[in-house]
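Report on one structure; see the data block that follows.
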Number of protein chains: 2
Amino acid sequence: MDRAPKTQRGTERRAQILRSAEKVIGEKGFAGASIADITRDAETALGTFYIYFASKEQVFRELVDEMGHLTRTVMAGAAAGAPDRLEAERRGLLAFLRFVAERPSLYRIVEQARFVDPEAYRDYFTRFAAAYRDQLRKAEAAGQISAGDAEVRAWALMGIAKNLGDRFAVWEEPRDLEAVADAAFDMIKRGLAP
Amino acid sequence: MDRAPKTQRGTERRAQILRSAEKVIGEKGFAGASIADITRDAETALGTFYIYFASKEQVFRELVDEMGHLTRTVMAGAAAGAPDRLEAERRGLLAFLRFVAERPSLYRIVEQARFVDPEAYRDYFTRFAAAYRDQLRKAEAAGQISAGDAEVRAWALMGIAKNLGDRFAVWEEPRDLEAVADAAFDMIKRGLAP
DNA sequence: TGAGGACCTGAATAGGGGTTCATGTTTGGC
DNA sequence: GCCAAACATGAACCCCTATTCAGGTCCTCA
C-alpha cells in the first residue's frame, strides 16, 4: 500500500489515528463516528487521516482484522497448556471474556461489521468456526468429548462466548468474570463430556 | 400519539410503510436505508412517511418492539405444551430458528439496535433474560435440571440461539433447522440434565 | 352535494460529513 | 546547511439525506 508510513514519525501518527478510530468508532458506532471526531481525538488535522488511510471503510476493516489477530493470539495462548479439550474450553472462555473486557471497542467494532462490511464479518466468524470445529473433531476422536455435530457445536459455543462477553464484559454491572466463566463451563463440560 | 391513522386507508398506508421499513432497513442497515428508499419500496411519496412516523428512529424502535412481541409470542407458543423444561428448551430453540428464518429482517434490525438505540437493545435482551432465568430457576426447583447459576445459563442459552440463528437461519447455505436444533439440544440437554 | 378533516405529494430546506488539495512544515541524508 | 521527500493542515467541494411545508386530492357525513 502506498499509504504506508516511511518514517518513525509517520508510523507513530498512523498508530495514533488507528487507536482513536478504535475508540471513537467503538463508542459512537461506524455511522456516528466522523473522520473529524477521530482526528480530533488523535489531536491531528482532518486531512492527516487520508495520508494513512484510503477511507473510513479501510480503517474499519483494519480494526476488524486486528481484532481477529488478537483474538486468535489470546485464545491460542490460553489453550496452549491445557491437558485436554474441556480444560481448553474453560481457559479459552475465560481468556475471551477478559480480553473483551479489556478491549470493548474492538469487540463492538466486530459486531458492527455485520452491517458495515458483511463479507469481513462472515469471514471473521467462519474462520473461527472452522478452526473450532476441527478442534472439536480432534477431541472427539481422542475420546475427550462425546460424539456430536462439531459444526453446530462450534457455533453454539461461540454463541455462548459472544453473548456472555456482551452481557458480563462489555455492558456495565460487571461481574466477576471467573465466576461467569465457571458457571457457563459447568454447563458446557457436562454438555460435551464423553 | 397524534400521528395515529384515523381511517382504514391511513391504517393500511401506515402498515405498508412499516413493512417496507422492515425490509429496507433489514437489507441495507439503518444508516444505509434512506426514507426515500423506504417510501419508494412502499410506493408512496416521501412526505407520507412523516404523516405516520415522527422520525427514522421512531419507525426503527417500533420494529424492535414488534420483534419483541413476536418472539415472545412464538416462544410462548412453542413451550406451551412441553412436559418439562428440557423439552421446552428444544421446542423453543427450533421455533426461534424457524422464526428467524422467516423474518430475517426483523432479526437483523434487533442486532442493529445495539448501535442505533442501545437502550432498546439492552431492554430487549434483559427482559428476555429475566424471564428465561426465572424459568430455569423454577425448573431447578422442580428438579428438572441441575443446580447452577440461572442468570449465566440464561445468557449462555440465548447466545446459542442467537448464533445458530445467525449462521443457519439468516446466512445462506441454509441447513435443515430441525437437525441444527437437535444437535445443539443434545449438548444443552446433557449440560442441564439433573 | 359540499364542507371539512384526513391524507398525499415532492420540491425545498437545512445540515452534516467524507474526501480532496493547495499550501505549508518537518525530516533525513549528503 | 540544503534539498527532496514525507508529513501536516483545514478550508472548500460535493453529495447525500432527514425533515418540513405549501399546495393539492380523497372521503365521509350531514
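All values below were derived from every heavy atom in this structure, side-chain atoms included, with hydrogens, water molecules and symmetry-related copies excluded. These numbers were taken from a predicted model, which means no experiment stands behind them. In what follows, chains are A, B, ... by sequence order, proteins preceding strands, each numbered from 1.
The side chain of B/Tyr52 contributes an N or O atom lying less than 4.0 Å from OP1 or OP2 of C/dC8.
Of the N and O atoms on the side chains of B/Arg61 and B/Gln58, not one donor lies less than 3.5 Å from an acceptor on the other residue. If you check the side chains of A/Gln144 and A/Glu140, you find no donor sitting under 3.5 Å from an acceptor. Judged by distance alone, the side chains of B/Arg40 and B/Ser34 never bring a donor and an acceptor atom under 3.5 Å apart. A donor atom on one side chain and an acceptor atom on the other are not found under 3.5 Å apart for A/Asp123 and A/Thr126.
We find that A/Arg19 and A/Glu22 are joined by a salt bridge, their nearest charged nitrogen and carboxylate oxygen being less than 4.0 Å apart.
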Completion exercise
Under a 4.0 Å heavy-atom criterion, the protein footprint on nucleotides 16-30 of chain C, written with B, S and -, is -SSBB-----SS---

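The distance from atom CD of B/Glu12 to atom P of D/dC26 is 16 Å, rounded to the nearest whole Å. In this entry the distance linking CD1 of B/Ile17 with P of C/dT9 reads 9 Å, nearest Å. The distance from atom NZ of B/Lys6 to atom C1' of C/dC8 is 16 Å, rounded to the nearest whole Å. Separating the CD1 atom of B/Ile38 from the P atom of D/dT17 is a distance of 12 Å, rounded to the nearest angstrom. Between B/Arg40 atom CZ and C/dG10 atom C1' the separation is 13 Å, expressed in whole Å. Between the CZ atom of B/Arg14 and the P atom of C/dA6 there is a distance of 16 Å, given to the nearest Å.
B/Arg108 places a side-chain N or O within 3.5 Å of a backbone atom of B/Gly26 that can act as its donor or acceptor partner.
For the side-chain contact (heavy atoms from CB on, under 4.5 Å) criterion with B/Tyr132, the lone passing option out of B/Met75, B/Glu89, B/Arg153 is B/Glu89. The residue from B/Ile188, B/Leu157, B/Val152 that alone fulfils the side-chain contact (heavy atoms from CB on, under 4.5 Å) condition with A/Met187 is B/Leu157.
Comparing the axis of the opening five pairs of the helix from C/dT1-D/dA30 to C/dC30-D/dG1 with that of the closing five pairs yields an angle of 10°, rounded to 10°.
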